[in-house]
Amino acid sequence: MGGWAIAVHGGAGVDPNLPLERQEEAKQLLTHCLNLGISALNSNLPAIDVVELVVRELETDPLFNSGRGSALTEKGTVEMEASIMDGPKRRCGAVSGLTTVKNPISLARLVMDKSPHSYLAFSGAEEFARQQGVEVVDNEYFITPDNVGMLKLAKEANTILFDYRIPTSGYETCGSNVESPLQMNGLPISVYAPETVGCVVVDREGRCAAATSTGGLMNKMTGRIGDSPLIGAGTYACDVCGVSCTGEGEAIIRGTLAREVAAVMEYKGLKLQEAVDFVIKHRLDEGMAGLIAVSNAGEVAYGFNCNGMFRGCATENGFMEVGIWE
């Protein structure tokens, strides 16, 4: 065993003109969440408990796009999704279409622990939440002024906006005016930036776990489901590694990105960082994404093929890093 390791992310694909104060806010939140996870790991909390704990903290802060601060649908509402996976027995739980559950990741955990199923969505997931007595709030709790402004911009541009955190003032300096905009399923999008949070952990016993949570895309169609709640796409954990992805959900789904990291480790014998690099290079086609990963040997790795990813990682031997750019 190589000791514990942890990584967190707040999304891949960062506008190069994102204001410095917002960059610093993101780094501070990632550092806080890393320290929260480190403390839990030093107290010998199991990996599955640590990933839930950290993602709950990310969902509670409106800075990133999950829980409070989630991106808005075309109707101005919030539909959240999340998944969690425990590596040793590949147990998992996922939820989609949540509108009132304060912490979607904890409901995903309950789906794993307290239901006979792996995935619940929309009214069924909401009903299960009430049966389990989890905290629920009005949909308005999740809606922030920044997101209302970004939805207005998205509707004016008749497009999907990825970066819900770009300030509505001074927007002309951000990535929407870059030529040759990225595409999603062949359709142009104007801004590409974070839309997911996640955490991966390996504990001192070599147990890996992963968790991912998101509000999805700004101005998305109601009912749209991305990669974050899909086991093997946005989230995967087994006895070899744990992976959480972020970026263009449709590309991540097509590439079954999280599972591919484990697969090339298992079948090609690659080390963790080699596996991450291989998957980012060869499994995304023309999609843009990033991921964080840990191995049962206590390694931590990340990779992305866009201009940045909000991430932080730490290991028991004292290594710690928080960054955004290459």
Side-chain angles (χ1 to χ4, degrees), residues 1-14 18 20-61 63-64 66 84 87 105 194 196-213 235 237 240-247 258 261 265 271-277 280 289-304 306-326:
M1 300 299 175
W4 57 254
I6 180 173
V8 298
H9 73 71
V14 184
L18 191 66
L20 288 175
E21 59 269 23
R22 295 207 173 208
Q23 295 182 35
E24 288 305 312
E25 287 174 1
K27 288 180 180 179
Q28 290 174 13
L29 177 55
L30 292 169
T31 301
H32 166 69
C33 289
L34 267 184
N35 285 328
L36 187 68
I38 289 168
S39 177
L41 285 163
N42 282 330
S43 299
N44 292 319
L45 210 65
I48 190 66
D49 292 340
V50 179
V51 294
E52 181 188 4
L53 176 71
V54 170
V55 172
R56 276 182 64 96
E57 191 74 6
L58 288 164
E59 289 174 338
T60 302
D61 193 298
L63 185 63
F64 291 129
S66 66
I84 192 168
I105 196 63
T196 304
V197 303
C199 180
V200 292
V201 166
V202 57
D203 60 27
R204 286 172 173 155
E205 303 299 318
R207 297 171 296 201
C208 298
T212 313
S213 181
T235 304
V240 173
C241 65
V243 184
S244 175
C245 300
T246 171
V261 175
M265 292 180 72
K271 298 294 186 181
L272 182 68
Q273 188 65 62
E274 294 174 330
V276 169
D277 293 342
I280 292 294
L291 62 86
I292 54 174
V294 293
S295 76
N296 60 5
E299 303 164 303
V300 65
Y302 62 84
F304 51 92
C306 38
N307 64 335
M309 179 172 72
F310 290 98
R311 82 275 179 182
C313 49
T315 60
E316 190 168 7
N317 65 12
F319 169 78
M320 184 171 177
E321 175 185 284
V322 175
I324 302 174
W325 314 108
E326 290 276 10

Short question: side chain of [X], backbone of [Y] - any donor-acceptor pair under 3.5 Å?
X      : Y      : value
Ser295 : Ala297 : yes
Ser39  : Asn35  : no
Asn307 : Gly13  : no
Gln28  : Glu25  : no

Non-neighbouring partners of [X] that pass side-chain contact (heavy atoms from CB on, under 4.5 Å), sequence neighbours left out:
X      : answer
Ala301 : Leu272, Gln273, Val276
Leu34  : Ile6, Val8, Ala314, Met320, Val322
Ala47  : Val201, Asp203, Ala209
Ala210 : Val200, Thr235, Ala237

In Å, rounded to the nearest 0.5 Å, how long is the span from [atom1] of [X] to [atom2] of [Y]?
X      : Y      : atom1 : atom2 : value
Ile324 : Glu24  : CD1   : CD    : 7.0 Å
Cys245 : Phe304 : SG    : CZ    : 14.0 Å
Leu29  : Leu63  : CG    : CG    : 5.5 Å

Would you say that Leu291 contacts Thr246 through its side chain, given a criterion of any heavy-atom pair below 4.5 Å between the two side chains?
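A side-chain contact is absent here, since even the closest heavy-atom pair is not under 4.5 Å.
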
Is it the case that the side chains of His9 and Thr196 hold a donor-acceptor pair, with the cut-off being a distance below 3.5 Å and no angle test?
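There is no such pair (donor and acceptor under 3.5 Å, judged by atom type) between the side chains of Thr196 and His9.
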
Between Ser213 and Glu59, do the side chains contain an N or O donor and an N or O acceptor separated by less than 3.5 Å?
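Yes, Glu59 and Ser213 have a side-chain donor paired with an acceptor closer than 3.5 Å.
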
Applying side chain to side chain donor-acceptor pair (under 3.5 Å), which residue pairs with at least one partner in residues 309-326 are found, sequence neighbours left out?
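For residues 309-326: Gln23-Trp325, Arg204-Glu316, Tyr302-Arg311, Tyr302-Glu321, Thr315-Asn317.
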
Would you mind listing every salt bridge (Lys or Arg N to Asp or Glu O under 4.0 Å) that reaches into residues 43-52, with sequence neighbours excluded?
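Residue pairs with at least one partner in residues 43-52: Asp49-Arg109, Glu52-Arg109.
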
